[in-house]
Colleague: 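One structure, pasted below without further comment.
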Number of protein chains: 2
Amino acid sequence: MNKIENYVGDCLQILKGVDSETIDLVITSPPYADARKKQYSGPCADKYVEWFLPIAEEIKRVLKPTGTFIINIKEKVVSGERHTYVLELIQAMRKKQWLWTEEWMWHKKNCFPGKWPNRFRDSWERCLQFNLQKKFKMNQDSVRVPIGDWAEGRLKNLSKTDKQRDNSKSGSSFGKNVSNWVGKKLVYPTNVLHFATECGNKKHPAAFPKSLPVFFIKLFTDKDDLVLDPFEGGGTTGIAAVELGRNYIGIDLDEKYSAIAQERIKKHLEQL
Amino acid sequence: MNKIENYVGDCLQILKGVDSETIDLVITSPPYADARKKQYSGPCADKYVEWFLPIAEEIKRVLKPTGTFIINIKEKVVSGERHTYVLELIQAMRKKQWLWTEEWMWHKKNCFPGKWPNRFRDSWERCLQFNLQKKFKMNQDSVRVPIGDWAEGRLKNLSKTDKQRDNSKSGSSFGKNVSNWVGKKLVYPTNVLHFATECGNKKHPAAFPKSLPVFFIKLFTDKDDLVLDPFEGGGTTGIAAVELGRNYIGIDLDEKYSAIAQERIKKHLEQL
DNA sequence: GTTCCGCATGAATCGATAG
DNA sequence: ACTATCGATTCATGCGGAA
């Protein structure tokens with residue numbers, strides 16, 4: 001049985017109670033600057049780095065040397081220009097000894113509609129990968145995808161392989177589904193991830209599809225490893241973690257969202 | 001008949017001979033830092049900004065105030081980390097009064113195969129959009145794409161809420177009227193561009209597919225406008241420009257590549 | 001058990017107007 | 001002049017209930 005812990009409060013404070021070098025993967029979507037002010041008091045764009053850096057320092061302390069830190073983020077438009085706080089964040093993290101190993105691209109297949117005179121809809125977000133060492137844990141084989149539907153429909157393939165894996169454990173009779181994949185060649189994915197945002201009722205505004213943490217948890221952790229999300233929001237990272245048999249620590253400032261996250265994780269656990 | 005000019009030499013020098021405020025669109029893929037050393041003497045990563053900035057200044061002079069500057073670029077990996085010269089370039093350009101209007105993502109559908117212990121294949125590149133004014137020329141209708149398959153089924157039977165304006169419940173002040181989409185065939189694209197790289201025999205190593213400049217030329221210029229590529233390489237921008245009835249100026253340092261570009265453009269022109 | 005179909009939902013941005 | 005608020009704009013998906 002995996003360990004699940006949920007905390008309410010400022011993650012900077014809560015993190016001080018976490019033991020050093022115990023986390024295998026931190027994956028989070030921090031509040032975007034100035035975004036969703038009505039629901040979430042996000043930091044303002046001009047002081048974003050200043051606000052984030054102390055948190056990153058605590059994360060550095062609790063992360064194992066072979067661990068990985070994934071930040072899902074996107075800059076907003078301010079008076080016709082993309083703001084530069086994400087670029088500044090990358091540079092500031094590097095000054096604090098973080099290695100900017102990779103920038104994954106999350107292509108949001110169902111992005112917001114809208115029309116403006118000088119731009120089109122924003123259909124992608126960054127997933128910044130930071131590490132503490134050049135060598136880190138990476139299970140490349142765990143995220144291979146069928147060679148056929150490679151460019152399109154990655155999400156569907158992933159979720160199907162998920163099902164296949166879960167069902168084989170519980171011994172249920174999904175033999176037909178499994179046979180679909182027998183003999184299909186598996187290849188490694190690229191650094192572009194095609195996922196649709198989930199639009200079911202999560203009672204939380206930030207839509208972060210489960211497939212996203214599932215991908216990174218499979219890739220950067222083993223079974224029973226420890227995953228942390230310091231801004232858990234609707235608890236999607238937690239759901240992905242328990243589904244994959246990982247231990248999990250989730251933190252959120254908002255008591256209401258924390259309760260929702262716990263409820264969703266509990267419910268998901270029961271269904272497994 | 002459109003005007004086509006090709007120059008061999010250092011673009012910084014050649015550009016000095018171009019009249020001020022005459023170019024409608026600059027689109028180029030500058031030599032990547034340290035990349036392809038055998039073919040192209042690109043600048044080294046640590047001095048990339050220093051090398052590029054004077055060229056950007058000349059481009060600023062020749063660009064019309066309503067014009068657009070598109071840079072196709074991607075940072076390379078240096079000792080396990082993504083280098084930060086592209087981030088620095090964006091910040092340096094902004095200090096020189098360029099507006100960083102948008103970052104388009106080019107998803108390379110058929111990227112190079114390969115496997116490394118700590119990363120997957122790189123399947124995307126940045127297309128940085130810079131402007132001199134908040135208002136610039138943008139022909140959004142010229143690049144519309146067919147509406148998704150969802151529309152056919154979704155719009156057949158409209159519910160009550162579909163027929164009126166329906167505001168989002170999440171408090172994002174976002175609403176929509178689904179009935180507006182009835183009968184619509186074309187919709188606006190997003191800022192994610194899906195193009196396969198061309199692997200035909202072009203005798204030049206750095207190839208972006210024709211579809212890339214075609215998209216931006218349609219979007220940011222009218223017929224008979226003037227397009228510039230200061231690092232034309234195989235001349236793909238030129239081919240796209242003549243095909244779309246735009247005037248074109250191409251520059252390349254290498255006499256051999258310039259000859260190839262001229263030959264390809266000429267051949268393409270004959271086929272039109 | 002499986003497919004089909006209806007439908008709510010989502011990290012938005014700009015320009016005009018008002019204070 | 002500078003800031004706050006408000007209205008206008010427009011897609012694609014996964015989920016859940018029904019067949």
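Quick caveat, the model's predicted, so the values are computed rather than measured.
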Colleague: Grab the CH2-C1' distance between W150(B) and dC5(C) for me, whole Å please.
Modeller: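 Roughly 15 Å, once rounded to whole Å.
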Colleague: Nearest heavy atom decides the nucleotide; on that basis, is N110(A) or E75(A) closer to the 5' end of DNA chain C?
Modeller: N110(A)
Colleague: Tell me if the centroids of the rings in W116(A) and Y188(B) come within less than 6.0 Å of each other.
Modeller: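 No: the rings miss the under 6.0 Å criterion.
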Colleague: Give the nucleotide from the list dT10(D), dA12(D), dG14(D) with an atom nearest to the side chain of K184(B).
Modeller: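 Nearest to the side chain of K184(B) among the choices is dT10(D).
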Colleague: Dot-bracket for DNA chain D, 5' to 3', counting Watson-Crick or G-U wobble pairs under 3.5 Å, with [ ] for crossing pairs and | for inter-strand pairs?
Modeller: .||||||||.|||||||||
Colleague: Is the closest side-chain donor-acceptor distance between R121(A) and T190(B) under 3.5 Å?
Modeller: no
Colleague: To the nearest angstrom, how far is F112(A) atom CZ from dT9(C) atom C1'?
Modeller: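 Taking atom C1' of dT9(C) as the reference, CZ of F112(A) is at 8 Å.
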Colleague: Give every pair of a protein N or O atom and an N or O atom of nucleotides 14-16 of chain C that lie under 3.5 Å apart, one pair per line with the distance.
Modeller:
{"from": "dC14(C)", "atom 1": "OP1", "to": "R119(A)", "atom 2": "NE", "distance (Å)": "3.2"}

Colleague: Nearest whole Å is fine: how far is dC15(D) P from R264(A) CZ?
Modeller: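 So the two atoms are 10 Å apart, to the nearest Å.
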Colleague: Atom CD1 of I147(B) and atom P of dT13(D): how far apart are they, to the nearest Å?
Modeller: 11 Å
Colleague: Checking contacts here: which listed nucleotide (dT13(C), dT13(D), dC11(D)) is nearest the side-chain heavy atoms of P113(A)?
Modeller: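 Ranking dT13(C), dT13(D), dC11(D) by closest atom to the P113(A) side chain puts dC11(D) first.
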Colleague: Respond yes when some side-chain nitrogen or oxygen of R121(A) is under 4.0 Å from OP1 or OP2 of dT9(D), and no when none is.
Modeller: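 The answer is no; no side-chain N or O of R121(A) sits under 4.0 Å from OP1 or OP2.
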Colleague: If you look at every strand shown and take non-hydrogen atoms under 4.0 Å, does P189(B) touch a base, only sugar-phosphate, or nothing?
Modeller: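 Answer is nothing: P189(B) stays at 4.0 Å or more from every strand.
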Colleague: Rounded to whole Å, how long is the line connecting atom NE2 of H107(A) with atom C1' of dA12(D)?
Modeller: 10 Å
Colleague: Rounded to the nearest 0.5 Å, how far apart are CG of L89(A) and CG of L87(B)?
Modeller: 10.5 Å
Colleague: Measure from NZ or CZ of K108(A) to the centre of the six-membered ring of W124(A) and say whether it is under 6.0 Å with the direction within 45° of the ring axis.
Modeller: no
Colleague: For D229(A) and T28(A), which I'm curious about, is there any donor-acceptor pair between the side chains at under 3.5 Å?
Modeller: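 Judged by distance alone, the side chains do pair up.
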Colleague: Any heavy-atom pair between the side chains of I71(A) and F52(A) that's under 4.5 Å?
Modeller: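 Sidechains of I71(A) and F52(A): in contact.
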Colleague: Between R82(A) and E103(B), does at least one N-O distance fall below 4.0 Å, as a salt bridge requires?
Modeller: no
Colleague: Aromatic rings Y85(A) and H83(A): how do their planes relate, parallel, tilted or perpendicular, breaks at 30° and 60°?
Modeller: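 Ring orientation of Y85(A) relative to H83(A): tilted.
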Colleague: Any heavy-atom pair between the side chains of N72(A) and F208(A) that's under 4.5 Å?
Modeller: yes
Colleague: What integer distance in Å separates I239(A):CD1 from dC15(D):P?
Modeller: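 Atom-to-atom, I239(A) to dC15(D), this comes out as 11 Å.
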Colleague: Tell me: NE2 of H194(A) to P of dG14(D), nearest whole Å?
Modeller: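 These atoms are roughly 14 Å apart.
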Colleague: Just the rounded figure in Å: distance from P of dG10(C) to CD of E125(A).
Modeller: 14 Å
Colleague: Given the side-chain rings of W104(A) and F215(A), with only the six-membered ring counted for Trp, is the space between their centroids under 6.0 Å?
Modeller: yes
Colleague: Assign I73(A) to base, sugar-phosphate, or nothing according to its heavy-atom contacts below 4.0 angstrom with the strands shown.
Modeller: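 Nothing, no nucleic acid heavy atom in range.
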Colleague: Under 4.0 angstrom, heavy atoms only, what part of the nucleic acid is R126(A) near: base, sugar-phosphate, or nothing?
Modeller: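 No contact at all - R126(A) keeps every heavy atom at 4.0 Å or more from the nucleic acid.
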